[in-house]
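Before any comments, here is the structure.
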Amino acid sequence: MINDAAIYEFREEIAQLSPMDSGFVFDYKRWKNAFEYDKNFIDLFKDFDKKEITRLDVINSFKLYFEIKNQNCFIPFLLTMIWGYGKSGFGPHRTNKYFSSQDNLNHIENAMTLLSSRNLYEAYEELLMVNGLNVSFASKITYFAGRALKEKEYPLIFDIRVANSLVNLFLDSNIASIVSINPNTDLASYKAYNNLLHKWAKEISVEADNIELFLFNQNKK
């Protein structure tokens, strides 16, 4: 059983976090050279070269997509990939895979259309149909979209680091140290995760993505 009371122990640390400032320095040349689908897309982000792309930057990209008619849906999707892969050298290579087939492109377009209609959880399931895209990145897309749409209980990013921290801090640290923990991909589990963090957020009067970032940061230590 989850130890709900434990969240209060971390309230001060969680409240001090600033998720919107969380970002990674963008290496424009590396992405320009390695991204294969349409290099003109990378040029759209040239002004970020050697600067941080933050969560707020990605959210604003989704806002433009939702607000401007005929905006290319691949732009906010690609910026999410750039932000999500951060400093890792394999980011462009893995992102190329998402753009490598018409089926993948169709799933991305369908998901972005669903997001425009505020069908965030249907979009999440559609994104998981993109070959190679996992729960970590599907949830990143729905998170940024939910934030851009100003959803009250926006979906949250769910990845291996977060899943490990949930077990380590709120279940059993001894078990967490000897097993490999991965987030479940099914929709029911993703909704349960979102509901849990939003519940905690209300209890300690913080934003839910503060808790998500706190959980993510535990595995950096």
Side-chain angles (χ1 to χ4, degrees), residues 14-28 31 35 41-88 91 95 98 108-128 130 133-159 161-162 190-191 193-195 197-198 201-202 206-217:
I14 292 169
Q16 291 175 352
L17 295 174
S18 180
M20 292 303 108
D21 296 328
S22 174
F24 299 91
V25 174
F26 176 47
D27 188 340
Y28 163 77
W31 277 83
F35 184 65
F41 281 170
I42 303 300
D43 287 337
L44 296 172
F45 312 125
K46 189 174 183 179
D47 289 344
F48 285 114
D49 189 28
K50 306 306 179 185
K51 299 177 183 177
E52 276 201 344
I53 295 178
T54 67
R55 292 193 186 205
L56 186 58
D57 292 319
V58 185
I59 290 168
N60 286 336
S61 178
F62 274 88
K63 284 182 179 178
L64 284 175
Y65 168 67
F66 294 138
E67 293 171 1
I68 300 175
K69 189 176 182 180
N70 297 323
Q71 179 84 345
N72 194 308
C73 73
F74 296 127
I75 295 173
F77 178 89
L78 179 56
L79 189 57
T80 304
M81 300 302 110
I82 292 171
W83 179 88
Y85 281 114
K87 298 177 182 179
S88 63
T95 302
Y98 310 144
I108 294 170
E109 288 182 309
N110 291 342
M112 296 300 287
T113 299
L114 287 166
L115 292 172
S116 298
S117 304
R118 295 181 179 269
N119 295 309
L120 277 67
Y121 286 114
E122 290 181 38
Y124 169 79
E125 292 189 298
E126 186 75 23
L127 286 164
L128 289 177
V130 175
L133 196 71
N134 60 22
V135 59
S136 172
F137 280 88
S139 63
K140 285 178 174 67
I141 294 288
T142 53
Y143 163 72
F144 287 123
R147 271 310 213 172
L149 293 166
K150 298 182 178 180
E151 290 287 315
K152 185 177 180 181
E153 294 202 353
Y154 46 87
L156 294 151
I157 299 172
F158 195 26
D159 61 16
R161 288 187 177 188
V162 170
Y190 185 46
K191 284 184 175 181
Y193 160 73
N194 287 320
N195 291 338
L197 263 61
H198 278 285
K202 290 175 183 176
V206 298
E207 281 291 343
D209 52 7
N210 277 54
I211 299 177
E212 172 260 305
L213 181 58
F214 167 76
L215 294 171
F216 178 83
N217 286 342

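All residue numbers in this chain count up from 1 along the given sequence.
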Practice task
Apply side chain to side chain donor-acceptor pair (under 3.5 Å) to Asn60 and Tyr65, showing your working.
Solution key: CA-CA 9 Å; Asn60 286 336; Tyr65 168 67; over 6 Å; no
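- Using a 4.5 Å cut-off on side-chain heavy atoms (C-beta onward), Arg147 and Met20 make contact.
- In this structure, Asn195 contributes its side chain and Lys191 its backbone to a donor-acceptor pair below 3.5 Å.
- A cation-pi arrangement is present between Lys140 and Phe137 under the rule of less than 6.0 angstrom and at most 45 degrees off the ring axis.
- For the residue pair Thr95 and Trp31, the shortest heavy atom distance occurs at OG1-CH2, 3.5 Å.
- The line from CG of Leu114 to CD of Glu109 is 12.0 Å long, rounded to the nearest 0.5 Å.
- For Ala148, the side-chain contact (heavy atoms from CB on, under 4.5 Å) partners at least two apart in sequence or on another chain are Ile59, Phe62, Lys63, Phe66.
- Tyr193 is listed as a side-chain neighbour of Val162, based on a closest heavy-atom distance under 4.5 Å.
- Here the closest heavy-atom approach between residue Gly146 and residue Tyr154 is recorded as C-CB, 3.9 Å.
- Scanning for ring-ring contact (aromatic ring centres under 6.0 Å, His included) contacts around Tyr98 gives an empty result, with sequence neighbours left out.
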Practice task
Please step through side-chain contact (heavy atoms from CB on, under 4.5 Å) for the pair Ile211 and Val206, ending with a clear verdict.
Solution key: CA-CA 8 Å; Ile211 299 177; Val206 298; 3.9 Å; yes
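- Note that the CG atom of Leu215 and the CG atom of Leu156 stand 9.5 Å from one another [nearest 0.5 Å].
- Between Phe144 and Trp83, a ring centre-to-centre spacing shorter than 6.0 Å is recorded.
- Here Glu125 pairs with Leu187 under the side-chain contact (heavy atoms from CB on, under 4.5 Å) rule; sequence neighbours left out.
- Taking CD of Gln71 as the start and OG of Ser116 as the end, the distance is 10.5 Å to the nearest 0.5 Å.
- Under the salt bridge (Lys or Arg N to Asp or Glu O under 4.0 Å) criterion, Glu153 pairs with Lys202, sequence neighbours left out.
- In this structure, Leu17 and Asn217 have side chains that are in contact, with non-hydrogen atoms separated by less than 4.5 Å.
- Here salt bridge (charged side-chain N to carboxylate O under 4.0 Å, His left out) pairs that include residues 76-86, with residues two or more places apart or in two chains, number zero.
- Partners of Leu128 under the side-chain contact (heavy atoms from CB on, under 4.5 Å) rule, at least two apart in sequence or in another chain, are Tyr124, Ala138, Thr185.
- Here CD of Glu207 is found 12.5 Å from CD1 of Ile14. Values are rounded to the nearest 0.5 Å.
- Under the salt bridge (Lys or Arg N to Asp or Glu O under 4.0 Å) criterion, Glu126 pairs with no residue at all, not counting sequence neighbours.
- If you take CD1 on Ile157 and OG on Ser139, they are separated by 6.0 Å, rounding to the nearest 0.5 Å.
- When all heavy atoms of Ser61 and Leu79 are compared, the pair lying nearest together is CB-CD2, 3.6 Å.
- Here the CE atom belonging to Met81 is positioned 10.5 Å from the CZ atom belonging to Phe35, to the nearest 0.5 angstrom.
- When every heavy atom of Asp209 is checked against every heavy atom of Pro19, the shortest pair comes out as O-CG, 3.7 Å.
- Residues forming a side-chain contact (heavy atoms from CB on, under 4.5 Å) with Ser88 (at least two apart in sequence, or on another chain): Tyr85, Phe90.
- Between Asp159 and Ser136, the shortest heavy-atom distance links the atoms CB-OG, 3.5 Å.
- Pairing each heavy atom of Leu115 with each of Ala123, the nearest pair is CD2-CB, 3.4 Å.
- Counting only residues at least two apart or on different chains, the salt bridge (charged side-chain N to carboxylate O under 4.0 Å, His left out) pairs with a member in residues 50-62 are Asp27-Lys50, Arg55-Glu212.
- Taking the six-membered ring where the residue is Trp, Tyr190 and Phe158 present parallel rings, their angle staying beneath 30° rather than reaching 60°.
- With sequence neighbours excluded, no residue satisfies side-chain hydrogen bond (donor to acceptor under 3.5 Å, both in side chains) with Asp47.
- Contacts of Tyr28 classified as side-chain hydrogen bond (donor to acceptor under 3.5 Å, both in side chains), with partners at least two apart in sequence or in another chain: Asp43.
- Side-chain atoms of Leu120 and Tyr143, non-hydrogen and from C-beta on, never get closer than 4.5 Å to each other.
- Residue Leu78 forms a side chain to side chain contact (heavy atoms under 4.5 Å, CB included) with just one option from Thr80, Ile75, Ile82, and that option is Ile82.
- Under the ring-ring contact (aromatic ring centres under 6.0 Å, His included) criterion, Phe74 pairs with Tyr37, Phe99, not counting sequence neighbours.
- Taking the side chain as every heavy atom from C-beta outward, Thr142 and Leu127 approach each other to under 4.5 Å.
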